[in-house]
2 protein chains.
Amino acid sequence: MARPTMEDVAARAGVSRALVSLVMRGSPKVSDQRRAAVLEAAGELGYSPHAMARSLASRTSHVLGVMVSDLHNAFFAEVVDGLDAVAREQGFELIINTGGRSPARERKALESLLSFRPAGLALLSPVVPSAAIKSAADQTSVVLVARSSRLSTVDTVNDDGGRGIGLAVDHLVSLGHRRIAHLDGGEGTQAAPRRRGYLTAMAAHGLEPRVMSSEYTDAAGAKAVRELLGRSGMPTAIVSCNDFNAVGAISALEDAGYRVPQDISVVGYDNTSLAALRHVSLTTVDQPRNEFGRLAAEALLQRVRGERAEPVRHLLHPSLVVRGTTAPPTTSPR
Amino acid sequence: MARPTMEDVAARAGVSRALVSLVMRGSPKVSDQRRAAVLEAAGELGYSPHAMARSLASRTSHVLGVMVSDLHNAFFAEVVDGLDAVAREQGFELIINTGGRSPARERKALESLLSFRPAGLALLSPVVPSAAIKSAADQTSVVLVARSSRLSTVDTVNDDGGRGIGLAVDHLVSLGHRRIAHLDGGEGTQAAPRRRGYLTAMAAHGLEPRVMSSEYTDAAGAKAVRELLGRSGMPTAIVSCNDFNAVGAISALEDAGYRVPQDISVVGYDNTSLAALRHVSLTTVDQPRNEFGRLAAEALLQRVRGERAEPVRHLLHPSLVVRGTTAPPTTSPR
DNA sequence: CTACAGCATTGGAGCGCTCCAACAATAGTG
DNA sequence: CACTATTGTTGGAGCGCTCCAATGCTGTAG
């Protein structure tokens, strides 16, 4: 279990510890002969550098901390992929932690990440108060993904939720729909800009908006639809706040005898793997998740390298993915 | 950005650095008066211990490394939750890494986790060759989740896939089904024990088995069903290798005019969040994922504390979750 | 043959912490 | 009252590494 140290490698290769250090860091000022000897000794002993000792001695870290608010959400998996790709390519490691969407747990997770003195910290949709983020930003570089902030010391990467919903509304209008309802995300992250985007888009088309209050779950989507069914003036299309909500809505519509998309069109948001299932085949709005991660990593690394001090605010363009749950409205145009 | 050190706290509190260390580690042999002074100074400076320096000096680590083969799979999220809960409770931190189901990337991920000299390593469904696992096990304690191994130095936590499929078959038989087909998982992880479980269960009931070769995706499930449709002797029930496959199968069945569960029953495996959607409502087999994580963490910590040297092999019992895709067969019992 | 680059190599200090032996101060024993 | 325990506190060594100033070495110019 005891791993060899640099000293062991040095002794075996017949050189000094400092020389081994130079070889391990790929310094050019080492003779080929000694380099070969060191690498051979290292190979024989199965030596690999001790990351913690290295970072302690160099007073620099090659670690980026990532706090994922919810590991269960596949959304974050792709963001992490993007982060991972860029970090790895630049010689940084990721250490990931999870907060489980609870402010208290998230705070602990943050604390624990900071105790590793990471070069930077990426917080994916954190729920901690702004003050906690500020205090983290005093200690290391911080980038926020899927959460906005006015703090001048942190970078942010978000999608333009308003624009995304706008795409959905435009699509429906171009198919001929005029009575388009929105099932909103209540207090959920990004629900507000999506709702505003809906209202703006409807106004732009001179249409009457209709917002049903809902949430980011399939049960909530079904409930909102049942409320809609109980009232007059059934819409011909629904724009949900996310994919789960949309699937719940579809389910309730089918239970009530509506066919999707023949009788009513439904659009989701997020383009989760669920939406892509042929059984579901949901028209939805895609966020460039991988790009979120890449940009977040790049923002962090720019700060780490001291290339930039002013905050950067990325606002990415979502795109519409048309599948099988949208179609022109049938008959009765009014 | 520069964080205070123990020395700073000691100076401010008017004590020695060693005393601050004792306070930080919660030692009982510190007078209340000094303890208070130290904690106050630490609070004022916003001090928190440097995890890396600590682990370097103590030659012990409070870090457990976790390699997740695929972050996109929600299965692992719950395993990580279980690991996290137990680790946190015992004062350990998790550092997570991902291998993206590629042996080469996974190997690098392993290397990078090892460079932190973690107290233990949990590998979730790794795809690297056994030799790589053995070499990791030479350096630290290792537990494998959702992958078996004969290595005497590693612990394993798995579900009894054969038994899980057996539960599904028993359920269908008790409903009155006799023509039950299995869509298998091909080369996928755990596909073999599930297939064997199917054959065993069918034999136990004196029924004729029928295995359609398939894969762990919804497209593959649909394809297998279309092949089934082209032949004679349509089964009255299908046991899929996983939930995605089952959803694809249902979709193809409905396209062909079959109603589920009236005309044909379908059972999945894994109890993913997909299965729980009311729109899907899939009868499926649940694996105790959180329990996987808890047991893995406990196995690791036992080894870390030197309480056990012999390997432990956990084989957990899956359970059946009955939802809306199974029902007694209609008429024509033959 | 000395002087001086230029280069590869090295010992030592130190990163922030833990651990240990040693210590002072107080309490308990005969 | 000297003596040993007991309790609380401390300086110093050292974890595995990086960094720096200093070293030895070769080669070339004066």
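Because only heavy atoms are used, hydrogens play no part in the values below, and waters and symmetry mates are left out as well, while side chains stay in. Throughout, protein chains are lettered first and strands after them, A, B, ... in sequence-line order, and every chain is numbered starting at 1.
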Please report the C-alpha distance between A/Leu123 and A/Arg147 in whole Å, then the side-chain angles of each, then the deciding distance to 0.1 Å, and finally whether the side chain to side chain contact (heavy atoms under 4.5 Å, CB included) criterion is met.
-> CA-CA 9 Å; A/Leu123 308 182; A/Arg147 161 148 179 184; over 6 Å; no
Step-by-step side chain to side chain donor-acceptor pair (under 3.5 Å) determination, B/Thr98 to A/Asp84 | CA-CA 9 Å; B/Thr98 174; A/Asp84 191 58; over 6 Å; no
Hey, mind stepping through A/Arg17 and A/Thr5 against side chain to side chain contact (heavy atoms under 4.5 Å, CB included) and telling me if it holds?
-> CA-CA 9 Å; A/Arg17 186 194 59 250; A/Thr5 78; over 6 Å; no
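If B/Arg34 and A/Glu7 are placed on DNA chain D by their nearest nucleotide, the residue sitting closer to the 5' end is B/Arg34. Taking for each of B/Val30 and A/Pro4 the nucleotide of DNA chain D with the nearest heavy atom, the 5'-most of the two is the partner of B/Val30.
Comparing D/dG16, C/dT10, D/dT9 by their closest approach to the side chain of A/Leu22 singles out C/dT10. Side-chain proximity of A/Ala57 to C/dG16, D/dG16, C/dT9: nearest is D/dG16. Checking D/dT10, D/dC19, C/dA8 against the side-chain heavy atoms of B/Leu19 singles out D/dT10 as nearest. Checking D/dT10, D/dC17, D/dT9 against every side-chain atom of B/Lys29, the shortest atom distance belongs to D/dT9. Relative to the side chain of A/Ala18, the nucleotides C/dG16, C/dC17, C/dG11 differ in distance, and C/dG11 lies closest.
For A/Arg3 and D/dC15, the shortest distance from a side-chain N or O to OP1 or OP2 is not below 4.0 Å. Put simply, B/Ser31 has a side-chain N or O that comes within less than 4.0 Å of OP1 or OP2 on D/dT9. For D/dG16, the OP1/OP2 oxygens have no side-chain nitrogen or oxygen of A/Thr5 closer than 4.0 Å. Residue A/Arg54 places no side-chain N or O under 4.0 Å from the OP1 or OP2 atom of C/dC15. Within the 4.0 Å cut-off from OP1 or OP2 of C/dC17, not a single side-chain nitrogen or oxygen of B/Arg17 is found. Between A/Ser58 and D/dT18 there is no side-chain N or O to OP1 or OP2 distance below 4.0 Å. Using a 4.0 Å cut-off, no side-chain N or O of A/Ser16 falls inside it from OP1 or OP2 of C/dT9.
Other residues, nucleotides and ligands contribute over 12 non-hydrogen atoms within 6.0 Å of the CD atom of B/Glu307. Residue A/Arg107 qualifies as open at atom CZ: its count of foreign heavy atoms under 6.0 Å is 12 or below.
The distance between atom CE of B/Met6 and atom C1' of C/dG14, rounded to the nearest whole Å, is 17 Å. Rounded to an integer number of Å, the gap from NE2 of B/His62 to P of C/dC17 is 16 Å. Taking atom NE2 of A/His50 as the reference point, atom C1' of C/dC15 lies 13 Å away to the nearest angstrom. Computed from coordinates, the B/Asp32 CG to D/dT9 C1' distance equals 15 Å when rounded to whole Å. Between the CG atom of B/Leu56 and the C1' atom of C/dT18 there is a distance of 10 Å, given to the nearest Å. If you measure from atom CG of A/Asp8 to atom P of D/dC15, you get 11 Å, rounded to the nearest angstrom. Between the CE atom of B/Met52 and the C1' atom of C/dC17 there is a distance of 13 Å, rounded to whole Å. One interatomic measurement links the two molecules: OH of A/Tyr47 to C1' of D/dG16, which rounds to 7 Å at whole-angstrom precision.
On a pure distance criterion of 3.5 Å, no polar donor-acceptor pair joins the side chain of A/Arg59 and the base of C/dG14.
With hydrogens and angles left out, the side-chain atoms of A/Arg25 and A/Ser21 include a donor and acceptor closer than 3.5 Å. Side-chain polar atoms of B/Ser130 and B/Arg150 form no donor-acceptor pair below 3.5 angstrom.
For the helix from C/dC1-D/dG30 to C/dG30-D/dC1, the axis fitted to the five pairs at one end and the axis fitted to the five pairs at the other end meet at an angle of 60° (nearest 10 degrees).
Pairs of residues two or more places apart, or lying in two chains, that qualify as ring-ring contact (aromatic ring centres under 6.0 Å, His included) and include a residue from residues 56-82 of chain B are B/His62-B/Phe92.
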